Amino acid sequence: MLNKVEIQSRLKFSLESTDGSESPTLAESDADGHEKPRVKYGELVILGYNGYLPQGDRGRRRSKFVLYKRNEPSGVKRSKHYIVQSPQTSKAILDANQHSISYTLSRNQAVIVEYKEDSETDMFQVGRSSESPIDFVVMDTLPGDKKDAKVMQSTISRFACRILVNRCEPTKARIYAAGFDSSRNIFLGEKATKWQDNVEIDGLTTNGVLIMHPKGQFCGGNAKCGLWRECSVGGDVFSLRESRSAQQKGQPIYDESNVLQDGTLIDLCGATLLWRSAEGLQHSPTKRDLEKLIDEINAGRPQCPVGLNTLVIPRKVNIGDQINQPYVYLNCGHVQGHHDWGQDKSTGARRCPMCLEVGPVVTLCMGLEPAFYVDIGPPTFAFNPCGHMATEKTVKYWANVDIPHGTNGFQAVCPFCATPLDGNSGYIKLIFQDNLD
């Protein structure tokens, strides 16, 4: 029989690669000292980062968070509710071990909903706060190059949302608006949108938690963009409000649920997350697969028709412009090297020496975050205007997905850098001068 000290000594932190592919999580050893394989629920990936944060992935702040089954269940479920006159001094609020949600109805009245431990679920929390209850720290995403980008005022909630996964049915991952703070409380103030149906009370957070389930299988390349919905604190689904923080809630959507599907998008008003299920990821390319595709293109020795030098697509991002760095003409798709032929210095546009089409030119680089791919294949297309390469189906899927922007706007963006897409389609087919031997 193992004593308590021996059991604790067999629990260790498993810190895997810091490229954003894994997250710090507890790993458990069996009685023989062998590490048990961890059950992976899925991944949350922030749109706009090509595999890692510009400052590097550190701790709970990273471009991707992997959800693993916990050693001990951490979920909670609704227990009871009651009305109090002064919520700030009520027993449930003051008890740091009691999970509770306070719905303030007026200055002198609130409904307290108590939650109890749930042995069947694991809870994961997402938000801007760096406090310990937050598993995945998410900051506002700015489009394009984020090296020196600074957000003056964030619109992401400190405790934005929580996800509860069924430990026996890992495909059942449910999302709820708002997360519990360090005192295990959630407060919905007097001005927050809330309502009471029969005996149950529910509400929405200030800027809301929006979700969009894809229509069809995300992995396979045949899915279509679904409709954006809003998720309540209690987990119900509603149509969008007139504007992001309007007081009136949308209409209830009874034929959709808060269960995350492979490819579900979660918008936190400042950052958009993609949920990839463990099963879906098994059918997606790996980082090694993407690197092999780059090697195959480079093996064809693509040539610049002007400089006559061999172009090389880099396997890493942000390594600086190399002499063999490929560029793409965004109006025609011809891939060439860096040269000054056909340059209009007043506008910055260039005339393509292959087809004489005039337009902008941008560095060509690989989309290296595997979670954003909807199929496996050669990267024959690139997003306009950023130049991130991906498969045809991947580029066409994201070009038709409208991401929330501002209080009530939407725009299609490149998932690898969050740059809004340009042109009629938002992408371009690549034309290499390769395999000339």
Side-chain angles (χ1 to χ4, degrees), residues 44 46 65 67 75-78 81 99-105 110-115 118 121-129 131 133-138 140 154-165 172-181 184-197 200-213 226-254 256-261 264-275 404 407-408:
L44 288 171
I46 311 177
F65 177 68
L67 285 71
V76 293
K77 59 184 177 181
R78 195 173 179 129
H81 70 277
H99 286 88
S100 65
I101 301 179
S102 172
Y103 297 87
T104 303
L105 303 179
V111 175
I112 304 293
V113 180
E114 290 187 9
Y115 282 71
D118 183 6
T121 61
D122 282 335
M123 182 167 67
F124 303 88
Q125 299 206 140
V126 181
R128 180 170 48 87
S129 173
E131 293 183 28
I134 297 298
D135 299 284
F136 188 23
V137 180
V138 176
D140 294 69
S154 177
T155 49
I156 300 174
S157 173
R158 295 176 66 246
F159 301 90
C161 68
R162 62 199 191 278
I163 294 173
L164 274 81
V165 189
K172 294 288 181 64
R174 295 181 178 274
I175 185 169
Y176 302 80
F180 294 100
D181 62 18
R184 300 190 175 186
N185 298 319
I186 294 174
F187 291 99
L188 263 71
E190 191 174 345
K191 294 182 179 180
T193 302
K194 65 187 79 69
W195 59 92
Q196 202 159 5
D197 294 328
E200 301 291 343
I201 190 167
D202 201 353
L204 305 173
T205 53
T206 302
N207 289 326
V209 173
L210 309 187
I211 59 175
M212 189 276 282
H213 300 310
L227 296 176
W228 283 97
R229 308 297 192 190
E230 182 164 8
C231 186
S232 71
V233 175
D236 287 334
V237 178
F238 297 85
S239 62
L240 299 187
R241 290 178 263 182
E242 285 190 7
S243 64
R244 192 78 193 220
S245 57
Q247 289 293 307
Q248 183 63 38
K249 73 177 188 296
Q251 295 298 314
I253 307 296
Y254 297 110
E256 294 184 29
S257 76
N258 65 335
V259 176
L260 300 176
Q261 303 172 18
T264 293
L265 287 172
I266 304 165
D267 188 81
L268 304 180
C269 194
T272 306
L273 280 59
L274 172 69
W275 168 258
T407 56
N408 55 4

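Owing to the predicted nature of the structure, the values given are computational and were not obtained by experimental measurement.
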Novice: Does Ala178 offer a backbone N or O that forms a donor-acceptor pair with the side chain of Arg162 under 3.5 Å?
Specialist: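 Yes; at least one donor-acceptor contact below 3.5 Å.
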Novice: Show your working on side chain to side chain contact (heavy atoms under 4.5 Å, CB included) between Ser157 and Arg128 and close with a plain yes or no.
Specialist: CA-CA 6 Å; Ser157 173; Arg128 180 170 48 87; over 6 Å; no
Novice: Arg229 and Val237: which non-hydrogen atoms are nearest, and at how many Å?
Specialist: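 Scanning both residues, the minimum pair turns out to be CB-CG1, 3.5 Å.
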Novice: So, taking the atom named CZ in Phe238 and the one named CD1 in Ile211, what distance separates them when rounded to the nearest 0.5 Å?
Specialist: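 Interatomic distance, Phe238 CZ to Ile211 CD1, rounded to 0.5 Å: 11.0 Å.
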Novice: For a 4.5 angstrom cut-off between non-hydrogen side-chain atoms, does Asp181 reach Phe187?
Specialist: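 The answer is yes, as the side chains (C-beta and beyond) meet within the 4.5 Å cut-off.
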Novice: Among Asp135, Val138, Leu274, Val126, exactly one meets side-chain contact (heavy atoms from CB on, under 4.5 Å) together with Leu44. Which residue is that?
Specialist: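 Checked Asp135, Val138, Leu274, Val126 against Leu44; only one passes side-chain contact (heavy atoms from CB on, under 4.5 Å): Val126.
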Novice: What's the spacing between Glu190 CD and Leu105 CG if we round to 0.5 Å?
Specialist: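 CG of Leu105 is found 8.5 Å from CD of Glu190.
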Novice: Might you point out which heavy atoms bring Asp140 and Cys269 nearest each other, and give the distance in Å?
Specialist: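 Where Asp140 meets Cys269 most closely, the heavy atoms are OD2-O, 4.4 Å.
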Novice: Could you tell me whether the side chain of Asp202 and the main chain of Gly234 form a donor-acceptor pair under 3.5 Å?
Specialist: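 Yes.
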Novice: Measure the shortest side-chain to side-chain distance between Val209 and Leu268 over non-hydrogen atoms and say whether it is less than 4.5 angstrom.
Specialist: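 Counting from C-beta outward, Val209 and Leu268 do come under 4.5 Å.
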Novice: With side chains defined as the heavy atoms from C-beta onward, is the minimum distance between Ile253 and Ser239 less than 4.5 Å?
Specialist: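 Contact flag for Ile253/Ser239 side chains = yes.
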Novice: Flag the pair Glu131 and Arg158 as a salt bridge only when some basic side-chain nitrogen lies within less than 4.0 angstrom of an acidic carboxylate oxygen.
Specialist: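 Arg158 and Glu131: salt-bridged.
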Novice: On a heavy-atom basis, which atom in Cys231 and which in Tyr176 lie closest, and how many Å separate them?
Specialist: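 Heavy atoms of Cys231 and Tyr176 come nearest at SG-CA, 4.0 Å.
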Novice: Between the main-chain N or O of Thr104 and the side-chain N or O of Lys194, is there a donor-acceptor pair closer than 3.5 Å?
Specialist: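 The answer is yes, because a donor-acceptor pair under 3.5 Å joins these two groups.
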Novice: Please determine whether the number of non-hydrogen atoms from other residues, nucleotides or ligands lying under 6.0 Å from atom CD of Gln196 exceeds 12.
Specialist: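 Atom CD in Gln196 is packed in, count exceeds 12.
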Novice: Check step by step if side chain to side chain contact (heavy atoms under 4.5 Å, CB included) holds for Ile186 and Phe159.
Specialist: CA-CA 9 Å; Ile186 294 174; Phe159 301 90; over 6 Å; no
Novice: So how far is it from Ser257 OG to Lys172 NZ, rounded to the nearest 0.5 Å?
Specialist: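 NZ of Lys172 is found 9.0 Å from OG of Ser257.
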Novice: Please report the C-alpha distance between Val76 and Arg184 in whole Å, then the side-chain angles of each, then the deciding distance to 0.1 Å, and finally whether the side chain to side chain contact (heavy atoms under 4.5 Å, CB included) criterion is met.
Specialist: CA-CA 11 Å; Val76 293; Arg184 300 190 175 186; over 6 Å; no
Novice: Just how far is it from atom CD of Glu230 to atom CD of Gln251, taken to the nearest 0.5 Å?
Specialist: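 Output value for this atom pair is 13.0 Å.
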Novice: Tell me, do Val165 and Leu260 make a side-chain contact under 4.5 Å, heavy atoms counted?
Specialist: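 Side-chain contact under 4.5 Å: no.
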Novice: May I ask you to decide if Ile175's main-chain N or O and Asn258's side chain share a donor-acceptor pair within less than 3.5 Å?
Specialist: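 Looks like yes, one N/O pair under 3.5 Å.
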Novice: With rounding to the nearest 0.5 Å, note down the distance linking OG in Ser129 to CD1 in Ile156.
Specialist: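 Rounded to the nearest 0.5 Å, the OG-CD1 separation comes out at 12.0 Å.
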Novice: Could you check whether any side-chain heavy atom of Lys77 comes within less than 4.5 Å of a side-chain heavy atom of Thr121, counting everything from C-beta outward?
Specialist: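 Side-chain contact under 4.5 Å: no.
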Novice: Leu67 versus Phe65: any side-chain heavy-atom pair under 4.5 Å?
Specialist: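 Sidechains of Phe65 and Leu67: in contact.
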Novice: Just how far is it from atom CD of Gln247 to atom NZ of Lys191, taken to the nearest 0.5 Å?
Specialist: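 It comes to 8.5 Å.
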Novice: For residues Glu242 and Gln248, determine if any side-chain heavy atom of one lies less than 4.5 Å from a side-chain heavy atom of the other.
Specialist: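 They are not in side-chain contact.
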Novice: May I ask you to test the Trp195-Leu204 pair for a side-chain heavy-atom distance under 4.5 Å?
Specialist: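 Yes - at least one pair of side-chain heavy atoms lies under 4.5 Å apart.
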Novice: Does the pair Ile46 and Phe136 meet the rule for a side chain to side chain contact (heavy atoms under 4.5 Å, CB included), with working shown?
Specialist: CA-CA 11 Å; Ile46 311 177; Phe136 188 23; 3.8 Å; yes
Novice: So, applying side-chain hydrogen bond (donor to acceptor under 3.5 Å, both in side chains) with Arg244, which one of Asn408, Asn207, Thr155, Asp267 is it?
Specialist: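 Of Asn408, Asn207, Thr155, Asp267, side-chain hydrogen bond (donor to acceptor under 3.5 Å, both in side chains) with Arg244 is met by Asp267 alone.
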Novice: What's the shortest heavy-atom distance between Val259 and His213, and which atoms?
Specialist: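 Distance-wise, the nearest heavy atoms are O-CE1, 3.2 Å.
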Novice: Could you tell me which non-hydrogen atom of Gly203 sits nearest to which non-hydrogen atom of Tyr103, and how far apart they are?
Specialist: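 Distance-wise, the nearest heavy atoms are N-CE2, 3.8 Å.
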Novice: Please name the pair of heavy atoms, one in Trp275 and one in Ala173, separated by the smallest distance, quoted to 0.1 Å.
Specialist: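 Taking Trp275 first and Ala173 second, the nearest heavy atoms are CZ2-CB, 4.0 Å.
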